[in-house]
Amino acid sequence: MLYQASELSPVRLLMNQIKPPQLPVFIGSDSTNFKFIYESYKEPILKRIILCAAVFVLVFMFVLLINIVKVIRPPQENIFTWFERSGALIGASSVFVEFELKSIDEYLFSASMKFKPDVYRTFEKYVRYKELLHRTALVFGIVGALVWSYGSPLLYLLKNIYSNFC
């Protein structure tokens with residue numbers, strides 16, 4: 001059966017009803033509400049990076065103080081016990097930071113799908129900070145596990161080495 005030019009075949013009718021999916025609309029610096037949308041991504045990423053860095057610094061300072069300053073330590077506890085406990089604290093802080101870095105990953109992935117490449121390049125510095133924090137969390141986790149499990153023998157060893165040389 002031949003169709004006239006004015007008639008449509010059933011296949012063509014079906015093809016006219018199926019619409020292709022909408023392509024994602026990338027936001028550029030010329031888009032309306034660009035500043036608001038950009039800040040809604042940048043601000044949470046920056047806050048979480050600062051939080052992660054602050055956790056590392058505060059835990060490091062606390063561990064240093066608790067092991068050096070005798071006034072902070074309870075009088076019935078010795079330095080060996082507190083050194084081991086500080087390893088657990090260091091390990092727990094690395095786990096916390098890794099959870100926070102996962103949310104940063106999600107923000108960065110979402111931003112890579114939302115913004116044009118020239119705009120997304122401004123997020124590259126946060127990617128570098130995140131990678132540095134990942135490495136720091138790995139080091140904190142390994143050191144924390146070693147101190148937590150082998151803290152007392154390590155301190156005894158250091159004490160003996162120090163007493164032999166001084």
Side-chain angles (χ1 to χ4, degrees), residues 24-29 31 33-163 165-166:
V25 178
F26 294 108
I27 298 171
S29 54
S31 301
N33 292 334
F34 169 75
K35 189 77 169 166
F36 175 75
I37 296 169
Y38 180 76
E39 289 297 323
S40 72
Y41 279 88
K42 184 179 133 193
E43 187 176 324
I45 292 172
L46 189 59
K47 282 183 181 179
R48 282 182 169 79
I49 286 175
I50 291 171
L51 173 70
C52 292
V55 165
F56 281 143
V57 170
L58 291 175
V59 165
F60 180 76
M61 295 301 292
F62 179 74
V63 166
L64 196 63
L65 286 174
I66 200 96
N67 286 307
I68 292 176
V69 180
K70 288 184 178 182
V71 177
I72 299 174
R73 247 188 344 255
Q76 67 272 15
E77 298 285 342
N78 62 15
I79 190 167
F80 301 106
T81 308
W82 276 102
F83 189 64
E84 287 177 350
R85 289 180 184 168
S86 66
L89 186 63
I90 290 170
S93 69
S94 70
V95 170
F96 172 79
V97 166
E98 279 297 327
F99 277 114
E100 286 298 315
L101 291 176
K102 180 63 180 161
S103 66
I104 292 173
D105 282 337
E106 291 170 3
Y107 273 105
L108 289 172
F109 177 74
S110 178
S112 71
M113 295 295 166
K114 174 90 58 189
F115 295 107
K116 289 183 179 178
D118 60 328
V119 175
Y120 183 72
R121 281 191 202 102
T122 61
F123 287 96
E124 285 179 359
K125 64 181 175 184
Y126 302 120
V127 172
R128 287 193 303 270
Y129 295 149
K130 179 187 67 79
E131 289 170 358
L132 177 65
L133 287 169
H134 271 301
R135 286 189 213 111
T136 307
L138 177 65
V139 169
F140 262 55
I142 291 170
V143 168
L146 290 175
V147 168
W148 192 7
S149 56
Y150 301 109
S152 294
L154 181 65
L155 274 183
Y156 282 121
L157 177 69
L158 291 174
K159 182 180 175 186
N160 289 336
I161 291 172
Y162 179 76
S163 63
F165 285 113
C166 294

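These numbers come from the heavy atoms of this one structure, side chains and all, not from hydrogens, waters or symmetry mates.
To the nearest 0.5 Å, the span separating CD1 on Ile104 from OH on Tyr126 amounts to 11.0 Å. The distance from atom NZ of Lys125 to atom NZ of Lys130, rounded to the nearest 0.5 Å, is 16.0 Å. Here the CG-CD1 distance, from Leu89 to Ile66, works out to 9.0 Å after rounding to the nearest 0.5 Å. How far CD of Glu43 is from NZ of Lys47: 4.0 Å, rounded to the nearest 0.5 Å. Note that the CD1 atom of Ile45 and the CG atom of Asp105 stand 9.5 Å from one another [nearest 0.5 Å].
In this structure, Phe60 places its CZ atom where only 12 or fewer heavy-atom neighbours from other residues, nucleotides or ligands lie under 6.0 Å away. By the 6.0 Å contact criterion, OH on Tyr150 is open, its count of non-hydrogen atoms from other residues, nucleotides or ligands being 12 or less.
When the side-chain contact (heavy atoms from CB on, under 4.5 Å) test is applied to Ser149, no partner is found at least two apart in sequence or on another chain. For Tyr129, there are no ring pair (Phe, Tyr, Trp, His ring centres under 6.0 Å) partners at least two apart in sequence or on another chain.
Nearest heavy-atom pair across Ala137 and Ser94 is O-CB, 3.2 Å. Val55 and Ser93 make their closest contact through CG1-CB, 3.9 Å (heavy atoms, listed as atom of the first residue, atom of the second, distance).
For Lys42 and Glu39, the salt-bridge test passes: some basic side-chain N is under 4.0 Å from an acidic carboxylate O.
Within the structure, the side-chain hydrogen bond (donor to acceptor under 3.5 Å, both in side chains) test picks out the following pairs touching residues 134-143 (sequence neighbours left out): Glu98-His134.
Between Phe115 and Thr122 there is no side-chain heavy-atom pair separated by less than 4.5 Å. Side chains of Ile90 and Val63 form a contact here, defined as non-hydrogen atoms less than 4.5 Å apart. Contact of the Leu157 side chain with the Asn160 side chain is not registered, since no non-hydrogen atoms from C-beta on lie closer than 4.5 Å. Looking at Tyr41 and Leu108, their side chains never come closer than 4.5 Å, going by heavy atoms from C-beta outward. Using a 4.5 Å cut-off on side-chain heavy atoms (C-beta onward), Phe56 and Val139 make no contact. Between Val95 and Phe99 there is a side-chain heavy-atom pair separated by less than 4.5 Å.
At distances below 3.5 Å, not a single donor-acceptor pair connects side-chain atoms of Ser110 with backbone N or O atoms of Tyr107.
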